[in-house]
Protein chains: 2
Amino acid sequence: MSSQPARKPQFRLDESLLTDLPPFSRLDRRQIREILDLAVSRRHDAGSAIFDEGAQAERFYLLLDGHVRVVRITETGEQVIALHIPPGQLLGIAPAIGRETYPATAVAATEAITLGWPVRLWPDFVCDYDGFATETYKTVGKRIGEMNTRIMELATQQVEQRIANSILRLINQSGRKTDEGIEIAFPITRQDLSELTGTTLHTVSRLLSAWEKQGLVKSARRKIVVRDAHALMLLSGAQPRH
Amino acid sequence: MSSQPARKPQFRLDESLLTDLPPFSRLDRRQIREILDLAVSRRHDAGSAIFDEGAQAERFYLLLDGHVRVVRITETGEQVIALHIPPGQLLGIAPAIGRETYPATAVAATEAITLGWPVRLWPDFVCDYDGFATETYKTVGKRIGEMNTRIMELATQQVEQRIANSILRLINQSGRKTDEGIEIAFPITRQDLSELTGTTLHTVSRLLSAWEKQGLVKSARRKIVVRDAHALMLLSGAQPRH
DNA sequence: CATGCAGTTTGCGCCAGGGCAAACTCGGGA
DNA sequence: TCCCGAGTTTGCCCTGGCGCAAACTGCATG
């Protein structure tokens, strides 16, 4: 369950890892090389923490492969999932928002590979690399938007709608087509879904069972496949576009 | 109810308006003068919108005086209050997070005075004025933190705790000492409080009545005075520091 | 001074969904 | 192969808080 620090010296990272990712897409080969040479790559077992809420922010990361859950824990010990991060995105970008500690815990949902850089390089990145700042702040903006939407949903919607919405968002962000339908690309439990929607695993289970009977979804252990996204969308309370 | 654009030509704004505010505190007199000369000041009636969700972000603002509510409206017409902004803070900083439209509507809770600058000046501000970017992103970070807390509360706490927490946060951010206790410095209705906590005005009213009977608060039309913040804190579910 | 409206209070009934408890199922490790 | 534990399902009961309805209170306006 603990993370395996496969630090430098390491295999030389290939430039193609970064060239297609928005924060780096405007950079030339030489710059990408520079960035890679400063990075430390690391593998994280599924379930292990990449960094912890409240800890001194020493590094910021890029998620090369795998999925990450960003989680907060209440004073009473309950978990709330704040965000899901798909591969290719930055995480732990505390310095971007003027923080010296991480505001939440990041947990690998699957085995995950990250690149990490010391936070002291952040100002250099922002200043030296064209488009890096812009793209990063776009990410921040998107996450703010997501959080906002979560707040609205929690404040106004029924449990059924919230769960439908969460699942739709997950398949949008990390869906994978299969012959059965669209599958969420990483393992997710009823418990996870309940922490995402502010309800209990029991209620989630009951709802998924009901939906399965109606043929909307097909679910198994830690797995959900959506067979009828359109019907889910109706349940989610979204206004059909007229 | 509509806003009164008191545009340029205008009275010359005094430099002391900005010198103490974090985003500008590291600047010298000449720079502050520059910034003020680029600004348009405007007065907003209580209840009027400063900008609207989804609108093209043409300006970013500084709230000189008054209080502002940042709200979103659901597809079903319900309002949710995302944030309260006290005087002295920036608002409408869409460009900071890579957005071209405002993600929410800003409504003046009291009569309010703003300074506004065209968004095209944003990059200049960030680059020319020492400390501006840093302080701005700290603000963004704080707001993200607040949103995060809201999500946790909505997901895990009972209505009573959420309302207690919201009131505590409001008096923290915009409290004003009176001989009766600490008063929320701007008018706030039961409805507002319910939109802040994801409940109904009825439930809020019932709770406030109960608290009033116990001497915790004293409330009137659009006004709340906290007489026993400590007791409220116990209700809010915060762990007493051991 | 009358009138109206915005904001508030309160009562009553109901039900979505949480709490609790128990049983089941699957997958992986010894 | 069997066993164990994590994840899931389901039933039953109970209640927090919402929906609905109606009445009340002041402030503001003509």
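Numbers restart at 1 for each chain; the letters A, B, ... are given by sequence-line order, proteins then strands.
In this model, no donor atom of one side chain and acceptor atom of the other lie less than 3.5 Å apart for A/Arg69 and A/Gln79. When only modelled atom types and interatomic distance are considered, A/Arg176 and A/Ser174 share no side-chain donor-acceptor pair under 3.5 Å. In summary, the side chains of A/Thr199 and A/Thr197 do not present any donor paired with an acceptor at a separation below 3.5 Å, with no hydrogens or angles considered.
One donor-acceptor pair, N or O on each side, does fall under 3.5 Å between the base of C/dG19 and the side chain of A/Arg206. In this model, no side-chain donor or acceptor of B/Arg222 finds a partner on the base of D/dG26 within 3.5 Å. A donor N or O paired with an acceptor N or O is not found under 3.5 Å between the base of D/dT8 and the side-chain atoms of A/His202.
A straight line from CG of A/Leu193 to C1' of D/dG7 spans 14 Å, rounded to a whole angstrom. Distance, B/Arg162 CZ to D/dG16 C1': 11 Å, rounded to whole Å. The distance between atom CD1 of B/Ile188 and atom P of C/dT8, rounded to the nearest whole Å, is 10 Å. The CD-P distance, from B/Glu195 to C/dT8, rounds to 12 Å in whole Å. Rounded to an integer number of Å, the gap from A/Leu201 CG to C/dG19 C1' is 11 Å. Following rounding to the nearest Å, A/Lys223 (NZ) and C/dC26 (C1') show an atom-to-atom distance of 13 Å. We find that CD of A/Gln158 is positioned 18 Å from P of D/dG16, with the value rounded to whole Å. The separation between B/Gln157 atom CD and C/dG17 atom C1' is 18 Å, rounded to whole Å.
Within the nucleic acid shown, A/Arg221 comes within 4.0 Å of at least one base atom, counting heavy atoms only. Residue contacts shown for B/Ser205 include a base, since a base heavy atom lies under 4.0 Å away. When heavy atoms are screened at a 4.0 angstrom cut-off, B/Leu208 is found touching no nucleic acid atom at all.
Of the residues near DNA chain C, B/Glu212 and A/Gly198, the one whose nearest nucleotide (by heavy atom distance) lies more toward the 5' end is B/Glu212.
Taking only side-chain atoms of A/Thr199, from C-beta outward, the nucleotide of C/dG7, C/dG18, D/dC18 with the closest atom is C/dG18. Proximity note for A/Arg190 (side chain, C-beta onward) versus D/dC18, D/dT8, C/dG7: the nearest is D/dT8.
For the OP1/OP2 pair of C/dG17 and a distance below 4.0 Å, the side-chain nitrogens and oxygens of A/Thr200 include no atom meeting the criterion. Checking the phosphate oxygens (OP1, OP2) of D/dG7, no side-chain nitrogen or oxygen of A/Thr189 falls inside 4.0 Å.
With respect to A/Arg72, the salt bridge (Lys or Arg N to Asp or Glu O under 4.0 Å) criterion is satisfied by exactly one of A/Glu53, A/Glu78, A/Glu195: A/Glu53.
Note: A/Tyr102 and A/Tyr61 have tilted aromatic rings, judged against thresholds of 30 and 60 degrees for the angle between ring planes.
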